[in-house]
Each structure stands twice: as C-alpha cells, then as structure tokens.
Amino acid sequence: MKGQSSLPEDIGWTIFIVIAVIFIVVISLIMVGKARFDNYGRGSNLIYSLYFVSISTEPYLVGESLSFYGIRDRQFFEHALESAVTGSLESSSSMNVPAELKLFMEAYEFRRYAVEIRSGGKSVLNLDNILTRCGTAGDGTCVNKYSNDITACGIGRVEIDDAGVCSFYQTCCREEPSSIPTDATRCGPQGIGICSKDLAPPTRRSDIFIPACADGRDYYPDTERCSSASLNGEETPVCCIPITTQNIAAAQTAASAEIPLFFNGTSNYDKDSDSSIEVTIG
C-alpha cells in the first residue's frame, strides 16, 4: 500500500540506528579513556578541576540550605536578621541557635567549617569546628604548651587567661601581630603567615601524624621564603598561618560565601549594610 514502508526496510533502519548508537558510545569511551590517560601523572587535572568547583560552590549551597533551616519557631535567616538588628543572640531570643546550628553543620561531616553572623563590624555569632576558643572574650586558642615551639604560644601570639577552658597541658594564646619580631620572616599569600619552627621531628614514626605547626595554625607550603629562615638562632623552615576564615580562604584550603542580611532600600540598610552571614567550608 502507498505510504507504508516494508518490513525489511523497517528492520534496516533499526539496525542502522543501533549501529550508530554503538558507534557513538565506543567513540565516547575512547575519548574519556584518552583524557584520563593524558592526565595520568600530571597532577590529575580533570579530578582537580572537579574538586575546585566543588569546594568553591559548597559554601553557597550550604548557605542557601542554612538560610531556610528551621530552628524552633523561626528560620535561621530570621534569627540572624533579628540578632543583627538587636546586636546579640540574647536580645533576639536566639540563644538556642548555636547548639542547633552545630547539629546542622556536623551532619555534613566537613573537615572544617565556620559560620559567622556579623552586624556593623561586630561578630554576633561565630561557630566553627576549627579552634578550641578560650579567654574571657573568646579571642584565644588553646595551644599545647609542650609543643617545643620557640615560645609557649609561638611567634606572634601572647598568653592570656584561659577562663577555665583549656586543659592542664594547654595555654590560652591570642594572636597579637604587634608582638611579631621585626626579624621574623613573613610568608604565605599576602604575608599572612610566619616562618616558624618545625614541630614535627624528623624521626617521627610514619604511622603517627604530628602537625608541623602549633595548634591554631595551618601549614602552608612556602619553602621559597622559609627554607633558610631563622629567628634567635632557631631554624624556622615552615610557613604557619593563623587559622581565621579569611586566612584559610586566602590560602585556598577553604572557600567562603557571604550572604548579606540587608539590601538597598530597606530601613536598616544605611546603619547595618555590612551585616551578613558568612559560611566557610574546607
């Protein structure tokens, strides 16, 4: 009948389509295999790129989810907004936020995280799993005082009262840039680090990890500036950066996302236009 195709013709087209699909699949597998082979032994550029995208976007994804996370009678964004306006968690009836926020962040099992609510240059809430904070103002870090550093706290930190937070083998240390000796060598991106003593002895057992830098500081690979550096007759061959959300973001060991709480046109914009939620993931 006119307009109808024959059965052999239908079978022929089916075979043609199947062969074409198989051909495309084979070519795709070859290209993927070639790309992996080309990247093998060259730092795995493909995998690195995917990881870079992941660490760059995670803070934004977490920040978006966190904004609508319900804590008791309000969403987290509402708690943040009200505490920014009133200036404290207590004034906004949000004292239960830190505990609930900790549960939310730890569910992701990040190696390190930090969430901060800022209002007019003041920190209303600062929660992280990076440091053991101490001191009456919470501006210190508990540091192992037997770490064999140049001083108990290390270069650029001073000892303060721990307010009963640190253990018997620890001392409370606060970052004090003015205490950095003039002959100390700065290192790392934008000079945020200090060439320091290597706390990991060369004879350490291979199955025990001993960090090169003291508690509250991260190692940064800057051998160019620190390899021949010294201070007071002590070799300072490793670059250690104080752990802050800004520093670890600059060192690219973490990424941050900032969510503003006020926008142009709102009644509080002029007064609190720098109020925000900052999420850091590393």
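Quick note: residue numbers are just sequence positions, from 1. Every heavy atom of this structure was used, including side-chain atoms; hydrogens, water molecules and symmetry mates were not.
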Separation of [Y] [atom2] from [X] [atom1] (nearest 0.5 Å):
X      : Y      : atom1 : atom2 : result
Glu64  : Ile259 : CD    : CD1   : 7.0 Å
Met105 : Asn129 : CE    : CG    : 8.0 Å
Ser88  : Met95  : OG    : CE    : 8.0 Å
Arg217 : Ser196 : CZ    : OG    : 6.0 Å
Asp218 : Asn247 : CG    : CG    : 9.5 Å
Ser123 : Asp139 : OG    : CG    : 11.5 Å

ask   = Which pairs pass salt bridge (Lys or Arg N to Asp or Glu O under 4.0 Å) with one or both residues in residues 82-94, sequence neighbours excluded?
value =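 The answer is Arg74-Glu82.
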
Are side-chain heavy atoms of [X] and [Y] found at a separation under 4.5 Å?
X      : Y      : value
Tyr220 : Cys213 : no
Asn126 : Arg133 : yes
Asp215 : Thr132 : no
Ile194 : Arg186 : yes
Asp162 : Cys142 : no
Leu125 : Ser83  : no

key: Phe168: hydrophobic cluster co-members (side-chain, 4.5 Å)   =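 Listed partners: Tyr146, Tyr169.
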
ask   = Can you check whether Ser230's main-chain N or O pairs, donor with acceptor, with Thr236's side chain at less than 3.5 Å?
value =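 Pair found, side chain donor or acceptor close to backbone of Ser230.
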
Expected output: side-chain Asp198 to main-chain Val238 donor-acceptor under 3.5 Å =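 Flag not set: sc Asp198 to bb Val238 has no pair under 3.5 Å.
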
query = Does the pair Thr141 and Ile243 meet the rule for a side chain to side chain contact (heavy atoms under 4.5 Å, CB included), with working shown?
reply = CA-CA 10 Å; Thr141 303; Ile243 297 177; over 6 Å; no

ask   = Does the pair Asp149 and Arg157 meet the rule for a salt bridge (Lys or Arg N to Asp or Glu O under 4.0 Å), with working shown?
value = CA-CA 12 Å; Asp149 207 342; Arg157 290 194 289 202; 5.4 Å; no

inquiry  = Show me the pairs that pass ring-ring contact (aromatic ring centres under 6.0 Å, His included) and involve residues 80-120, at least two apart or across chains.
reply    =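 Applying ring-ring contact (aromatic ring centres under 6.0 Å, His included) to every pair that reaches into residues 80-120, excluding sequence neighbours, yields Tyr69-Phe104, Phe104-Tyr108, Tyr108-Phe110.
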
Between [X] and [Y], which heavy-atom pair has the shortest distance, and what is it?
X      : Y      : result
Ile155 : Cys195 : CD1-O, 3.7 Å
Ile241 : Gly193 : CG2-CA, 3.6 Å
Ser275 : Ser119 : OG-CA, 3.3 Å
Thr185 : Arg225 : CG2-O, 3.8 Å
Val124 : Gly87  : CG2-O, 4.1 Å

Hydrophobic cluster identity match, [X] and [Y], side-chain contacts under 4.5 Å:
X      : Y      : answer
Leu261 : Val97  : yes
Ile277 : Ile281 : yes
Leu199 : Tyr219 : no
Leu66  : Ile130 : no
Leu127 : Phe76  : yes

message = For the CD atom on Glu100, are there more than 12 heavy atoms of other groups (residues, nucleotides or ligands in this structure) within a distance under 6.0 Å?
response =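 Above 12, so yes.
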
query = Hey, mind stepping through Val143 and Cys153 against side chain to side chain contact (heavy atoms under 4.5 Å, CB included) and telling me if it holds?
reply = CA-CA 7 Å; Val143 177; Cys153 286; 5.6 Å; no

message = For the pair Cys172/Cys134, is the SG to SG distance below 2.5 Å?
response =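 Their SG atoms fall under 2.5 Å; a disulfide, then.
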
